[in-house]
Asks: 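I have a structure I would like to understand better, so I am pasting it below and will then ask my questions one at a time.
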Amino acid sequence: MSRETEEEALKVLEIENGLTLVPRVKLNLTVYPSTPLTLSHPIDEWKMKRALINFLQTSHSLSLPEDDLQIKRLKDLKKRKRDDPVAAATLHIWDLSSLQTEDKLRAWRTRLADSVNGIELNLQGVKFKLAAAVPVSDDFQGMKKDWEEFYAFQNRGFNTARREPDTIVLRGVPSRWFAEPRVSSKPSMLVTHTIFSTFGKIRNLNVAEDDDLGKDANEDSGDLVSGLYCKIVVQFEKYRDFHDALRVLCGRSLQKQGSRLKADYEVSWDKDGFFRNSRNQTQEKNNMVSTMAAEHYRSEAPRPQAYSSRHSPDNVRPRRFKE
């Protein structure tokens with residue numbers, strides 16, 4: 001990767017439809033009791049937040065706004081097992097001005113995660129231990145290693161045609177940011193195609209609502225209604241476009257012009273053959289319909305009219321594509 005490409009990876013990138021991709025460092029934190037015990041009172045999120053922010057200020061000279069660290073108690077603490085976590089947290093760092101290249105950012109992020117992982121916080125005599133991890137969807141090099149190993153195995157044996165990934169899966173993005181303004185709040189295939197064409201020529205595209213992920217994400221956000229998320233699957237014609245798009249999407253959040261929200265999402269590469277399996281399922285469904293129709297025809301008594309028109313009846317309207 002050239003130095004220019006690395007430096008570009010740290011920039012805010014403008015794409016279509018008023019959307020920008022904002023670079024950041026994100027850590028997922030899990031809070032455990034330092035010793036196996038059952039808490040008899042709820043955790044004070046504010047005190048825990050202040051203790052962690054003070055630790056980062058002292059150990060890493062990081063001055064973080066309180067909004068950049070979100071902590072949520074896990075429900076039903078009385079029913080938890082002795083070693084279960086009691087809270088989950090997300091840390092965002094947006095000021096990356098001191099890091100000039102993607103390699104430096106990756107190394108610094110690893111050191112930060114290692115230093116936070118395993119620390120103890122003492123809150124009024126009760127000690128807690130933190131586990132810290134970089135989200136899988138932020139680790140581009142880790143994903144690249146996975147697909148190289150996956151396809152190296154697939155390409156062994158008698159299959160001489162080299163195969164490479166070409167499809168990106170994006171989950172948890174706000175549906176209305178991919179919708180046609182003043183038309184619908186549901187994601188639009190046309191708008192989504194325009195946005196992702198920024199990264200290269202598209203072979204296949206699928207857009208669907210993703211409410212299952214939205215139920216657990218951004219519940220307290222004042223800018224989005226919980227549940228209004230979508231899942232986008234993009235297949236590029238060229239491996240290089242897939243590679244560069246995934247690299248850009250890793251380690252960034254999405255922001256819409258006019259909105260203060262920076263929306264996180266999950267990005268991954270498709271190893272399950274989404275579009276290939278979709279075509280197979282459609283073919284199987286068509287085969288099943290044909291078989292059922294043939295069995296139904298054989299079971300019926302012969303009819304006087306042996307000729308059936310190839311035209312549709314007048315009262316049956318043709319199906320049309322609808323977003």
Side-chain angles (χ1 to χ4, degrees), residues 1-2 4-23 102 137-138 140-141 143-148 150-152 154-155 159-181 183-184 186-210 230-257 263 265-283 320-323:
M1 184 184 298
S2 67
E4 292 77 8
T5 304
E6 281 199 350
E7 291 177 348
E8 186 173 305
L10 302 180
K11 295 180 180 178
V12 174
L13 299 180
E14 294 184 4
I15 51 181
E16 297 292 333
N17 208 41
L19 296 175
T20 54
L21 290 166
V22 185
E102 188 175 8
S137 64
D138 278 15
F140 173 73
Q141 295 299 328
M143 282 192 280
K144 185 175 182 179
K145 181 180 179 181
D146 286 344
W147 82 59
E148 287 176 347
F150 178 83
Y151 282 103
Q154 293 289 321
N155 291 330
N159 185 10
T160 57
R162 178 176 175 82
R163 295 184 59 193
E164 293 177 321
D166 56 11
T167 304
I168 288 174
V169 180
L170 204 69
R171 297 193 63 189
V173 291
S175 293
R176 61 191 178 99
W177 289 3
F178 291 81
E180 294 187 49
V183 174
S184 173
K186 294 183 178 181
S188 161
M189 186 76 77
L190 178 61
V191 172
T192 306
H193 189 282
T194 301
I195 292 171
F196 281 91
S197 292
T198 305
F199 303 110
K201 195 170 183 180
I202 295 173
R203 175 176 291 139
N204 283 307
L205 178 67
N206 181 273
V207 186
E209 294 184 5
D210 196 18
C230 63
K231 176 181 177 180
I232 300 170
V233 186
V234 188
Q235 183 182 41
F236 292 96
E237 290 198 358
K238 296 181 180 179
Y239 166 77
R240 175 50 58 184
D241 292 336
F242 154 84
H243 175 280
D244 292 346
L246 186 57
R247 182 182 60 81
V248 165
L249 289 167
C250 283
R252 281 183 163 88
S253 294
L254 195 66
Q255 189 168 23
K256 175 76 171 179
Q257 185 177 6
Y265 50 79
E266 294 180 5
V267 62
S268 59
W269 61 280
D270 171 40
K271 64 179 177 182
D272 298 321
F274 177 86
F275 291 108
R276 183 176 65 255
N277 291 335
S278 297
R279 288 193 295 269
N280 292 341
Q281 290 172 5
T282 301
Q283 184 62 43
R320 294 184 180 273
F321 176 81
K322 182 179 181 181
E323 290 187 352

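Residues: numbered from 1 along the sequence shown.
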Asks: Under the salt bridge (Lys or Arg N to Asp or Glu O under 4.0 Å) rule, what pairs show up with a residue in residues 188-207, not counting sequence neighbours?
Replies: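 As it turns out, the salt bridge (Lys or Arg N to Asp or Glu O under 4.0 Å) pairs with a partner in residues 188-207, which skip direct neighbours, are Asp166-Arg203.
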Asks: If you compare all heavy atoms of Ala179 against all heavy atoms of Lys186, which two are closest, and at what distance to 0.1 Å?
Replies: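 Scanning both residues completely, I find the closest heavy atoms to be CB-O, 3.0 Å.
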Asks: How many angstroms lie between atom CH2 of Trp147 and atom NZ of Lys271, to the nearest 0.5 angstrom?
Replies: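 Output value for this atom pair is 13.0 Å.
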Asks: Quick check for you: to the nearest 0.5 Å, what is the distance between Thr167 atom OG1 and Ile202 atom CD1?
Replies: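 Separation between the atoms: 11.0 Å.
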Asks: Starting from the C-alpha separation in whole Å, work towards a yes-or-no answer on side chain to side chain contact (heavy atoms under 4.5 Å, CB included) for Leu21 and Val12.
Replies: CA-CA 6 Å; Leu21 290 166; Val12 174; over 6 Å; no
Asks: Does any part of the side chain of Phe275, heavy atoms only, come nearer than 4.5 Å to the side chain of Asp270, both counted from C-beta?
Replies: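 With C-beta onward as the side chain, the pair stays apart.
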Asks: Between Ser175 and Pro187, is any pair of side-chain heavy atoms under 4.5 Å apart?
Replies: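 SC-SC contact between Ser175 and Pro187 confirmed.
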Asks: Quick check for you: to the nearest 0.5 Å, what is the distance between Glu148 atom CD and Met143 atom CE?
Replies: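 Nearest 0.5 Å value for the CD-CE distance: 12.5 Å.
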Asks: On a heavy-atom basis, which atom in Tyr239 and which in Lys144 lie closest, and how many Å separate them?
Replies: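 For Tyr239 and Lys144, the tightest heavy-atom pair comes out as OH-CE, 4.4 Å.
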Asks: Measure from the side-chain N and O atoms of Asp272 to the backbone N and O of Phe274, and report whether any donor-acceptor pair falls under 3.5 Å.
Replies: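 A pair under 3.5 Å: no.
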Asks: Keeping to residues at least two apart or across chains, list the salt bridge (Lys or Arg N to Asp or Glu O under 4.0 Å) pairs with something in residues 231-242.
Replies: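 Only Arg240-Asp244 qualify under salt bridge (Lys or Arg N to Asp or Glu O under 4.0 Å).
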Asks: Given side chains that start at C-beta, do those of Phe242 and Ile168 come closer than 4.5 Å, heavy atoms only?
Replies: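 Side-chain contact under 4.5 Å: yes.
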Asks: In the structure I gave you, are the side-chain heavy atoms of Phe140 and His243 within less than 4.5 Å of one another anywhere?
Replies: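 Yes. Closest side-chain heavy atoms under 4.5 Å.
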Asks: Nearest 0.5 Å, please: how far is CG in Leu19 from CD in Gln257?
Replies: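 The distance works out to 9.5 Å.
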Asks: To the nearest 0.5 angstrom, please state how far the CG atom of Asn204 sits from the CZ atom of Phe236.
Replies: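 Atom-to-atom, Asn204:CG and Phe236:CZ are 11.5 Å apart.
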Asks: Would you say Tyr265 and Asp210 make side-chain contact, with heavy atoms under 4.5 Å?
Replies: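 No, too far: nothing below the 4.5 Å cut-off.
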Asks: Identify the two heavy atoms, one from Val267 and one from Cys250, that lie closest to each other, and give their separation to 0.1 Å.
Replies: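 Closest approach of Val267 to Cys250, heavy atoms only: CG1-SG, 4.2 Å.
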Asks: Table please: side-chain donor-acceptor pairs of residues 189-199 below 3.5 Å, with sequence neighbours left out.
Replies:
{"unit_1": "Thr192", "atom_1": "OG1", "unit_2": "Ser188", "atom_2": "O", "d": "2.7"}
{"unit_1": "His193", "atom_1": "ND1", "unit_2": "Ser197", "atom_2": "OG", "d": "3.2"}
{"unit_1": "Thr194", "atom_1": "OG1", "unit_2": "Leu190", "atom_2": "O", "d": "3.0"}
{"unit_1": "Ser197", "atom_1": "OG", "unit_2": "His193", "atom_2": "O", "d": "2.6"}
{"unit_1": "Thr198", "atom_1": "OG1", "unit_2": "Ile195", "atom_2": "O", "d": "2.7"}

Asks: Given side chains that start at C-beta, do those of Ile15 and Thr20 come closer than 4.5 Å, heavy atoms only?
Replies: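 Result no, sub-4.5 Å side-chain heavy-atom pair not found.
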Asks: What distance separates Leu246 CG from Trp269 CH2, expressed to the nearest 0.5 Å?
Replies: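 Reported value, rounded in 0.5 Å steps: 10.5 Å.
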Asks: Any side-chain heavy atom of Arg252 within less than 4.5 Å of one from Val22?
Replies: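 Answer no - side chains too far apart.
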Asks: Under a 4.5 Å cut-off applied to non-hydrogen side-chain atoms, are Arg176 and Lys256 in contact?
Replies: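 Contact flag for Arg176/Lys256 side chains = no.
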